[in-house]
Amino acid sequence: MKLLLDTHLLLWVAGEPERLSADARALIGNAENELFFSAASLWEIAIKSGLGRDDFQADARLLRRGLLDNGYNELPIVSEHAVAIDSLPLIHKDPFDRILVAQAMDEGITLLTSDALVAQYPGPVKSA
């Protein structure tokens, strides 16, 4: 299964793995699953870290390098993803979460999320 991890899951994988649910650990640790991270997540981390948000204290460059070194695939944001947002119901207002949902739907990748609100989107979204 192809899995796109949301931003918080990426941060937890890299720095606080004990915060991952048992389901998330099992899915992420399953060698048969192909793991992805979005450029949107690194963008979100860079912005929110720069604003001093305690829950986003990570160096986006180091996180990216670590993810790539550990076999994760990078998913760029393309215009097709951006325009797909207009078809999403307004369940969540956060633009970073909305682009992740649009990417998952457009690419046919399951979005693995720790956010119960994001998990309400139809399509390939799984709560973890």
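A quick note: this is a predicted structure, and the numbers were derived from the prediction, not measured. Start at 1 with the first residue, then count along the sequence. Hydrogens, waters and symmetry mates are skipped; everything else that's a heavy atom, side chains included, is used.
Ile99 and Leu67 are assigned to two separate hydrophobic clusters, defined by single-linkage of ILVMFWY side chains at heavy-atom distances under 4.5 Å. In the hydrophobic clustering of this structure, Leu4 groups with Val101; members are Ile, Leu, Val, Met, Phe, Trp, Tyr whose side-chain heavy atoms approach within less than 4.5 Å, directly or through other members. Under the 4.5 Å side-chain heavy-atom criterion for Ile, Leu, Val, Met, Phe, Trp and Tyr, Ile77 and Leu42 are members of distinct hydrophobic clusters. Linking ILVMFWY residues whenever their side-chain heavy atoms come closer than 4.5 Å, directly or via other members, leaves Tyr72 and Phe36 in distinct clusters. In terms of hydrophobic clustering, with Ile, Leu, Val, Met, Phe, Trp and Tyr side chains grouped at heavy-atom distances under 4.5 Å, Val78 and Val83 are assigned to different clusters.
For the atom pair CG of Leu51 and CZ of Arg53, the computed distance is 8.0 Å after rounding to the nearest 0.5 Å. Asn70 CG to Phe37 CZ: the interatomic distance, rounded to the nearest 0.5 Å, is 11.0 Å. Separating the CG atom in Leu75 from the CD atom in Gln103 is a distance of 4.0 Å, to the nearest 0.5 Å. Rounding to the nearest 0.5 angstrom, the gap separating the CD1 atom in Ile45 from the CG atom in Leu63 is 5.0 Å.
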Donor-acceptor contacts, no H, no angles, side chain residues 7-22, under 3.5 Å, sequence neighbours left out:
unit_1, atom_1, unit_2, atom_2, d
Thr7, OG1, Ser41, OG, 2.8
Thr7, OG1, Glu44, OE1, 2.7
Ser21, OG, Ala24, N, 3.0

Determine, step by step, whether Trp43 and Ile47 satisfy the side chain to side chain contact (heavy atoms under 4.5 Å, CB included) criterion, reporting the C-alpha distance in whole Å, the side-chain angles of both residues, the deciding distance to 0.1 Å, and the verdict.
-> CA-CA 6 Å; Trp43 182 21; Ile47 288 172; 3.1 Å; yes
Check the pair Leu35, Leu5 against side chain to side chain contact (heavy atoms under 4.5 Å, CB included), reporting the backbone distance first and the verdict last.
-> CA-CA 7 Å; Leu35 303 175; Leu5 275 64; 4.1 Å; yes
Val118 and Ile91: CA distance, side-chain angles, deciding distance, side chain to side chain contact (heavy atoms under 4.5 Å, CB included) verdict = CA-CA 7 Å; Val118 172; Ile91 295 171; over 6 Å; no
Take Arg98 and Asp6 through the test salt bridge (charged side-chain N to carboxylate O under 4.0 Å, His left out) and record every step on the way to the result.
-> CA-CA 11 Å; Arg98 290 176 59 79; Asp6 79 2; over 6 Å; no
Residues Lys2, Glu107; criterion side chain to side chain contact (heavy atoms under 4.5 Å, CB included); working and verdict | CA-CA 10 Å; Lys2 292 182 177 183; Glu107 299 292 333; over 6 Å; no
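For Glu80, the CD atom sits in a loose shell: 12 or fewer heavy atoms of surrounding residues, nucleotides or ligands are nearer than 6.0 Å.
A 4.5 Å side-chain heavy-atom check between Pro124 and Ile109 finds every atom pair outside the cut-off. With contacts defined as side-chain heavy-atom distances shorter than 4.5 Å, the pair Glu74/Arg64 qualifies. Side chains of Thr110 and Val125 form no contact here, defined as non-hydrogen atoms less than 4.5 Å apart. Under the 4.5 Å side-chain criterion, counting only non-hydrogen atoms from C-beta, Met105 is in contact with Pro122.
When atom types are taken as modelled, the side chain of Asn33 and the backbone of Leu27 share a donor-acceptor pair closer than 3.5 angstrom. Checked by atom type and distance alone, the side chain of Ser87 pairs as donor or acceptor with a backbone atom of Ala84 at under 3.5 Å.
Residues Asp97 and Asp94 approach most closely at N-OD1, 3.1 Å, considering heavy atoms. Minimum interatomic distance between Leu90 and Tyr121 (heavy atoms only, all atoms of both residues): C-OH, 4.5 Å. Pro76 approaches Ala39 most closely through the heavy-atom pair CA-CB, 4.3 Å.
Side-chain N/O atoms of His92 and Gln120 include no donor and acceptor closer than 3.5 Å.
A search for side-chain hydrogen bond (donor to acceptor under 3.5 Å, both in side chains) contacts involving Asp69 returns Arg65, not counting sequence neighbours. Applying the side-chain hydrogen bond (donor to acceptor under 3.5 Å, both in side chains) criterion to Glu34, with sequence neighbours excluded, gives Asn73.
Lys126 has no carboxylate O lying under 4.0 Å from a charged side-chain N of Asp115, or vice versa, which leaves the two without a salt bridge.
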